[in-house]
Each structure stands twice: as structure tokens, then as C-alpha cells.
Amino acid sequence: MSNSSCIVEESNLPLLDHSCSIIQSENVEENQDQNLAWKVWIESKKLWHIVGPAVFFRLTSYSMVVITQAFAGHLGDLELAAISIAYNVILGFDFGLLLGMASALETLCGQAFGARKYFMLGVYMQRSWIVLLICCVLILPLFIFASSTLKFMGQPPKVAELTGVVAIWIIPIHFSFAFVFPLQRFLQSQLKAGVLAWVGLIALVLHVIVSWLFVFYFKLGVIGTAVTLSFSWWILAFGLLAYTVCGGCPLTWTGFTIEAFSGLWEFVKLSAASGVMLCLENWYYRVLILITGNLQNAEIALDAMSICMSITGWQMMIPLAFFAGVGVRVANELGAGNGRGAKFATIVSVGTSAVIGFLFFLLILIFNKKIALLFSSSELVLEAVDKLKLLLAFTILLNSVQPVLSGVAVGSGWQSYVAYINLVCYYLIGVPLGYLLGWGLHQGVVGIWAGMISGGTAMQTLILTIIIIRCDWEKEAMKAGLHVKKWAGKH
């Protein structure tokens with residue numbers, strides 16, 4: 001009996017070993033799943049620490065322009081037209097260029113912070129101030145000669161003249177960009193994005209109060225609206241500057257230094273590449289509206305397109321915040337020599353933004369006509385918007401991924417390469433394809449938009465995706481380390 005039991009026990013040993021190995025492998029897989037979920041959670045916390053305040057800051061600054069246009073709309077059609085052209089065309093061009101140039105700091109400050117070269121963040125920001133201020137002076141004729149330029153382009157004389165007056169009064173905003181944009185990226189790069197939200201909220205509240213005082217109480221008219229927006233943007237500038245120089249960044253701000261004037265040419269080249277990269281993206285949909293305006297009976301098409309672009313503009317605040325967030329995260333990890341961390345940050349950022357974009361994609365398909373009611377009550381316009389809902393939905397979905405991929409490029413320092421990609425995809429493929437579908441195949445605004453989306457945005461997104469998938473992240477981390485040493489010098 002005892003012998004047989006021993007035989008049975010011995011015969012069961014392989015079964016027990018096999019069962020234990022299965023349990024151990026299941027535990028390993030479960031631990032791996034838990035570790036992956038934990039890593040995603042940690043990375044998401046780091047990402048949203050930047051993205052959350054960045055979304056709020058962008059919404060507040062964007063809302064100040066919308067509020068100003070709303071106040072101008074109560075003054076009259078001429079005033080609204082002048083404000084709209086001054087802000088959307090003149091200041092829009094200026095905004096895109098300077099914002100893009102300031103984005104060079106996301107590469108430099110982000111990598112320096114990851115490499116713990118804290119002193120260099122303040123130096124980089126001062127160099128950016130110098131470069132952007134010089135650029136502001138060079139662009140100044142755009143504001144000074146706005147009236148004559150608009151008349152030359154065929155705008156009605158009254159609109160052109162009043163726009164010229166508004167352009168002069170918004171020159172202070174133009175110069176505020178040179179300080180606000182570098183400060184924003186300087187703070188984001190060291191994960192101090194919370195102050196952006198607080199300063200943005202204060203500026204927005206003051207903007208509403210001052211707008212009411214200047215327009216309705218002091219009766220300053222359209223000039224009052226321009227002065228108000230200038231005042232509010234300088235509130236942003238002084239608020240962020242005060243936080244920086246008054247002890248908010250003890251490691252990265254050690255005061256003004258003469259070293260900011262060294263290495264300016266290399267800084268200019270990176271800033272110019274960043275500016276061109278973002279400008280080509282920023283101006284693309286303005287070209288879409290311009291082309292639509294050349295259609296026969298374009299009034300309804302333009303109204304519908306303007307509504308779609310307004311919806312896209314509001315939603316773009318989220319992926320643009322992810323653009324900033326992933327740029328900082330990738331730059332921080334590469335600067336620290338952690339290529340795998342940069343890759344993981346990319347995956348989490350793209351995935352999160354894509355999920356948010358898909359939710360908006362569904363909202364547009366389901367509630368498109370109701371959303372359009374916020375902008376117009378015309379049945380013809382609403383029907384035209386409804387016909388564009390599929391294109392609008394896919395545009396929002398693509399725009400939820402494309403800026404994040406561009407943010408990865410900025411964090412990695414690939415601006416010059418992406419500038420060439422944008423030029424080819426957007427303007428050598430997208431615009432001609434839009435013309436071909438719109439006029440050649442007589443598809444109108446649907447053809448123009450479909451051509452520009454498929455040939456431009458989709459193509460650029462696909463190319464960037466392939467580049468990022470094939471990227472050797474450890475090699476990029478080594479390059480970032482050499483880059484930081486080169487720029488930091490003896491520090």
C-alpha cells in the first residue's frame with residue numbers, strides 16, 4: 001500500500017511541476033500586464049500635467065480673441081470686418097510664424113532639462129527673446145502698411161482703411177508674442193505648466209471687464225477692442241515673467257546673462273526651421289478658405305466652410321496641447337539618455353489624443369447639424385454643413401494625431417526635415433489635388449477639402465508615422481546628449 005502510494009506520488013510529480021509552471025507563467029503575464037498598466041498610468045500623469053494646463057491656457061488666449069470679435073460685432077458690420085481681417089489674417093500670419101519659432105525651445109529646453117543642464121534653460125529663453133524681437137521688428141511693415149496692402153489685394157477701401165487703423169493698435173500684441181511664447185515653452189519644459197492656467201484665467205477675467213469698460217463705458221469703439229486685446233496679452237507676458245524672475249524657477253532662471261548673445265546663428269537656424277514647419281501647417285486651412293472663395297456662388301460654401309473651420313479651431317486646442325506635451329516629454333527623455341522612455345511617451349501621447357479625437361469624430365457624425373446651429377440658423381448653410389460632416393469628422397480625427405506626431409518631431413529636433421515634408425505634402429500634393437477635384441472634376445467645396453485632406457494632412461501623417469515607427473530611439477538619445485553638450489558648453 002505504501003509502495004503504491006509512493007508510485008502514485010512519484011507519477012504525479014511531473015503533473016505538479018507542469019501545473020506550477022503554468023501558474024508561474026500566468027503570474028508573470030499578469031505582472032507584466034500590471035506593470036504595463038502602471039507605466040501607462042505614470043506616463044499619462046506626466047503627460048496630463050503638461051497637457052491639462054496647456055489646453056486651458058490655449059482656450060483662454062483663443063477665447064480672448066473670440067470675445068473681442070463679439071464686442072466688435074455689436075459696433076457694426078464694418079468694425080467686425082476690420083477686426084476679423086486684422087486678427088485672422090494679419091495677426092494670424094504673425095502668430096503662426098512667431099509661435100513656430102518659439103517652438104525651438106521645446107527641443108532645447110526639454111533636452112537640457114532632461115540632461116539636468118538647468119542653467120541653460122534660462123539662456124535658451126533669453127536667446128529666443130532676442131531672435132523673436134528681431135523678427136518682430138522685421139515683420140513690423142506688415143502692420144504699418146496693412147491698409148495699402150489690403151487695398152492692393154482688392155479689399156473695399158473702407159474696410160482696408162479701418163483694418164489699417166486696427167493693425168496699428170495691435171502692434172503691442174505683436175511684440176508681446178516675443179515674450180509670451182518663449183516663457184510658455186520655458187515653463188512647460190520644466191513641468192511648471194500650472195502657472196500658465198492661473199495666469200491665463202486672470203488675463204481672461206480682466207479681458208472681459210476691460211473690454212466692457214472700453215467699448216460700452218468709455219465708448220472707444222473699434223480702437224477700444226484693439227487696445228483691450230493688447231492689454232490682455234501683456235498681462236499674460238508680465239504674469240509669466242513675474243513668476244519666472246521672482247523665484248518661481250530657482251534652478252533654471254539665474255538672471256540675465258551676456259551668454260544669451262552667443263551662438264545666436266545656430267539658434268536662428270533651428271528657430272527658422274520650427275517657424276517654417278508650423279507656418280506651413282497653420283496656413284494650410286487658410287488656403288482652403290481662400291480657394292473656396294473663388295468658387296461660383298461661394299457665399300453659402302464660405303459660410304459652411306467657416307463654420308467647419310470654427311469647430312475644428314476649437315477642437316484643435318486639445319491636440320495642440322498634446323503637441324506641446326509630447327514635445328516636452330520626448331525631449332526630457334532624450335535629454336536624459338532614455339530612448340525607450342521617449343518611445344513610450346510617444347505611444348501613450350498618440351494613443352490618448354487619438355482616442356479623444358475618435359470621440360469627437362463620433363460627436364460630429366451624430367450631432368453635426370445641432371452643433372452648426374450655434375453658428376447659423378440658415379437652412380441652406382446648415383444643409384451645406386451637413387454635407388461636409390464626414391470630411392469634418394475625418395479632419396478632426398486626423399488633426400488629433402498629426403499635431404502629436406509633429407510634437408514628437410519637435411521634441412526630437414527634426415524640425416527642418418518635417419518642414420520639407422510639410423511643403424511637399426501640403427502645397428505640392430494637397431493644394432493641386434484640391435484644385436483638381438474641386439474644378440477639374442466639378443466636385444466644388446467637397447472636392448477641394450477632400451483633396452487637401454487626403455493629399456496633404458493624411459499623407460503627412462502617414463509619412464511621420466513611418467518615420468517614428470522606424471526611428472532608432474537609443475540613437476536619438478545619444479544625439480540629444482551630444483547636442484546638449486555642444487550647446488551647453490562648459491556648463
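As the structure is a computational prediction, the values presented were derived from the model and not from experiment.
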Problem set entry | By salt bridge (charged side-chain N to carboxylate O under 4.0 Å, His left out) - contacts of K158 (at least two apart) |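 Testing K158 for salt bridge (charged side-chain N to carboxylate O under 4.0 Å, His left out), a comparison that skips the adjacent residues, returns none.
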Under 3.5 Å donor-acceptor, [X] side chain and [Y] backbone:
X	Y	value
Q126	T257	yes
S412	W414	no
H207	S232	no
T60	F57	yes
S353	S400	yes

Pairwise side-chain contact, [X] with [Y], heavy-atom cut-off 4.5 Å (strictly under):
X	Y	answer
M452	L433	no
V326	I50	no
E379	L382	yes
L464	S406	yes
L47	F322	yes
V166	I170	yes
M316	T312	yes
L108	F267	yes

Rounded to the nearest 0.5 Å, how far does [atom2] of [Y] lie from [atom1] of [X]?
X	Y	atom1	atom2	value
I318	I396	CD1	CD1	10.0 Å
T395	L390	OG1	CG	9.5 Å
I134	I139	CD1	CD1	12.0 Å
L187	T244	CG	OG1	4.5 Å
Y420	Q415	OH	CD	13.0 Å
F323	L405	CZ	CG	11.0 Å

Exercise. After noting the C-alpha distance and the side-chain angles of F113 and L121, does the key distance pass the side-chain contact (heavy atoms from CB on, under 4.5 Å) rule?
Worked result: CA-CA 7 Å; F113 188 78; L121 271 75; 4.1 Å; yes
Exercise. Checking side-chain contact (heavy atoms from CB on, under 4.5 Å) against R185, which of C109, S103, S128 comes through?
Worked result: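 Exactly one pass, corresponding to S103.
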Problem set entry | Identified side-chain contact (heavy atoms from CB on, under 4.5 Å) partner of T461 from the options V404, V401, I466, N399 |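 Among V404, V401, I466, N399, the one meeting side-chain contact (heavy atoms from CB on, under 4.5 Å) with T461 is V401.
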Problem set entry | Criterion side-chain contact (heavy atoms from CB on, under 4.5 Å) on L105 and Q188, from CA distance to verdict | CA-CA 10 Å; L105 287 181; Q188 285 176 172; over 6 Å; no
For this session: Fit a plane to each ring of F358 and F361, take the angle between them on a 0 to 90° scale, and name the class: parallel (under 30°), tilted (30 to 60°) or perpendicular (over 60°).
Result: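 Rings of F358 and F361: parallel, as their planes differ by under 30°.
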Exercise. If you measure only the distance, is there a donor-acceptor pair under 3.5 Å linking the side chains of R127 and S271?
Worked result: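 There is no such pair (donor and acceptor under 3.5 Å, judged by atom type) between the side chains of R127 and S271.
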Problem set entry | Any side-chain donor near an acceptor of the partner, T252 and Q190, under 3.5 Å |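 Yes, because at least one side-chain N or O of T252 sits under 3.5 Å from a partner of the opposite role on Q190.
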Between [X] and [Y], which heavy-atom pair has the shortest distance, and what is it?
X	Y	answer
R58	S61	O-OG, 3.0 Å
A450	S454	O-OG, 2.8 Å
I90	A146	CD1-CB, 3.6 Å
Q111	G411	NE2-O, 3.2 Å
A193	H49	CB-O, 3.7 Å
L191	V328	CD2-CG1, 4.1 Å

For this session: Given side-chain contact (heavy atoms from CB on, under 4.5 Å), test V410 with V418 step by step and report yes or no.
Result: CA-CA 9 Å; V410 168; V418 179; over 6 Å; no
Exercise. Which residue pairs satisfy the ring pair (Phe, Tyr, Trp, His ring centres under 6.0 Å) criterion with at least one member in residues 178-201, sequence neighbours excluded?
Worked result: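 Sorted pair list: F95-F181, W129-F179, F177-F181, F179-W234.
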For this session: With ring-ring contact (aromatic ring centres under 6.0 Å, His included) as the test, would you mind laying out the steps for W233 and F175 before giving the verdict?
Result: CA-CA 10 Å; W233 269 90; F175 280 97; over 10 Å; no
For this session: May I have the step-by-step check of side-chain contact (heavy atoms from CB on, under 4.5 Å) for L201 and F56, ending in yes or no?
Result: CA-CA 8 Å; L201 177 61; F56 188 83; 3.7 Å; yes
For this session: Scan residues 212-221 for pairs that pass side chain to side chain donor-acceptor pair (under 3.5 Å), counting only residues two or more places apart or in two chains.
Result: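 Of all non-adjacent pairs touching residues 212-221, none passes side chain to side chain donor-acceptor pair (under 3.5 Å).
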Exercise. What do you reckon, is CH2 of W169 surrounded by more than 12 foreign heavy atoms closer than 6.0 Å?
Worked result: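 No, not enclosed.
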